[in-house]
Amino acid sequence: MNKEERKELAEILYGLAGNFGDSVDDQTAKIWARGFEFEGITMDQIKAAAMRILKTRTISKMPTFAEFLEAINGSKKDNAQAQADIVFETLRRNGATSEPIFEDPVTNHLMSTRWKWKNWASSVLEDEIKWWRKEFIEAYQSYAANPENVEQVQKLTAPQRLQKLISGIGDENPEKQEPALIEEEQCQK
């Protein structure tokens, strides 16, 4: 964050604090700036989150840094629910015979280890879906709660993707297709 962005962030924080009848000192603004830098958060994201907080927050207290990040990234539960929707949309579109690679590393990990795609997709029953969804959301939140888990999963996912892509190269069999790569944006429409 450059000097101008830090100044703009401080103004946003002072304005939010004023709105909630609270105050923010310069040191707090500096710590938040470092935190946003570390998280890779842009000023556009900060401004959008500040507006969301102003419009929706009913507690008359300045939000914490963690609450501000949640306004930017969404809650872990929101993300888990969205990922469960993506899994179901993938099943609906591709069926049980495909081997999708999900963009989200935690979803990809869960659907290739805890629930092996072909087994799960070919045997899941309509009346079991709500229970599976609940279990998936809990598992997703558990993994996502610890950044070290996500980092380890990402390290495992990259070689797995390469292996699946390479396995189809030069294959003369037209039935064997490249795995579907699922974009989050496609399924969240």
Side-chain angles (χ1 to χ4, degrees), residues 1-87 89-90 100-112 136-162 165 180-189:
M1 226 179 239
N2 62 37
K3 191 174 183 176
E4 191 173 302
E5 289 173 327
R6 286 177 187 267
K7 183 180 177 190
E8 190 174 9
L9 172 62
E11 289 172 3
I12 290 169
L13 294 178
Y14 299 149
L16 277 174
N19 182 71
F20 294 112
D22 212 338
S23 63
V24 173
D25 60 26
D26 290 341
Q27 191 59 36
T28 301
K30 287 178 184 175
I31 290 171
W32 279 46
R34 286 189 200 125
F36 287 133
E37 272 183 306
F38 179 77
E39 294 291 328
I41 305 295
T42 66
M43 278 307 297
D44 287 341
Q45 290 174 301
I46 293 168
K47 290 175 191 176
M51 290 309 296
R52 248 187 316 281
I53 289 167
L54 283 173
K55 290 178 184 178
T56 61
R57 190 168 177 86
T58 56
I59 302 168
S60 59
K61 180 181 173 219
M62 177 71 176
T64 64
F65 182 77
E67 291 169 325
F68 209 98
L69 280 180
E70 191 171 292
I72 293 170
N73 298 322
S75 71
K76 287 176 180 55
K77 186 171 185 176
D78 291 343
N79 292 338
Q81 289 173 341
Q83 289 302 311
D85 291 342
I86 289 169
V87 170
E89 180 63 18
T90 303
I101 299 175
F102 296 93
E103 282 294 311
D104 183 272
V106 175
T107 300
N108 198 55
H109 176 72
L110 290 173
M111 295 312 297
S112 61
F136 177 88
I137 290 169
E138 288 174 6
Y140 187 97
Q141 288 176 291
S142 177
Y143 267 87
N146 185 346
E148 291 174 6
N149 288 342
V150 176
E151 194 175 302
Q152 286 177 330
V153 166
Q154 285 173 325
K155 287 178 183 174
L156 294 172
T157 303
Q160 181 187 36
R161 285 182 177 184
L162 287 174
L165 289 172
L181 188 59
I182 307 305
E183 296 287 336
E184 288 182 37
E185 298 85 35
Q186 290 174 330
C187 296
Q188 291 178 350
K189 291 180 182 174

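Along the sequence shown, residues are numbered consecutively beginning with 1. Side chains are part of it too, since the values below use all heavy atoms of this structure and drop only hydrogens, waters and symmetry mates.
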Looking at [X] and [Y], what are the two nearest heavy atoms and their distance?
{"X": "Asn108", "Y": "Pro100", "answer": "OD1-O, 4.0 Å"}
{"X": "Ala29", "Y": "Leu9", "answer": "O-CD2, 4.1 Å"}
{"X": "Ala80", "Y": "Gln141", "answer": "CB-CG, 4.2 Å"}
{"X": "Met62", "Y": "Leu13", "answer": "CE-O, 3.8 Å"}
{"X": "Phe68", "Y": "Ala49", "answer": "CE2-CB, 3.8 Å"}

May I ask you to test the [X]-[Y] pair for a side-chain heavy-atom distance under 4.5 Å?
{"X": "Lys61", "Y": "Phe20", "answer": "no"}
{"X": "Ile41", "Y": "Ile46", "answer": "yes"}
{"X": "Thr107", "Y": "Phe136", "answer": "yes"}
{"X": "Leu110", "Y": "Phe102", "answer": "no"}
{"X": "Met43", "Y": "Met1", "answer": "yes"}
{"X": "Arg6", "Y": "Glu37", "answer": "yes"}
{"X": "Glu8", "Y": "Glu4", "answer": "no"}
{"X": "Lys30", "Y": "Gln27", "answer": "yes"}

[X] side chain vs [Y] backbone, donor-acceptor pair below 3.5 Å:
{"X": "Glu67", "Y": "Thr64", "result": "yes"}
{"X": "Thr28", "Y": "Val24", "result": "no"}
{"X": "Glu39", "Y": "Phe36", "result": "no"}
{"X": "Ser142", "Y": "Glu138", "result": "no"}

Here the side chain to side chain donor-acceptor pair (under 3.5 Å) pairs for residues 14-23, sequence neighbours left out, are Tyr14-Asp26
Look up atom CD1 in Ile137 and atom CD in Gln81, then write down how far apart they are to the nearest 0.5 Å.
4.5 Å
Those residues that, when tested against Glu70, pass salt bridge (Lys or Arg N to Asp or Glu O under 4.0 Å) (two or more places apart)
none
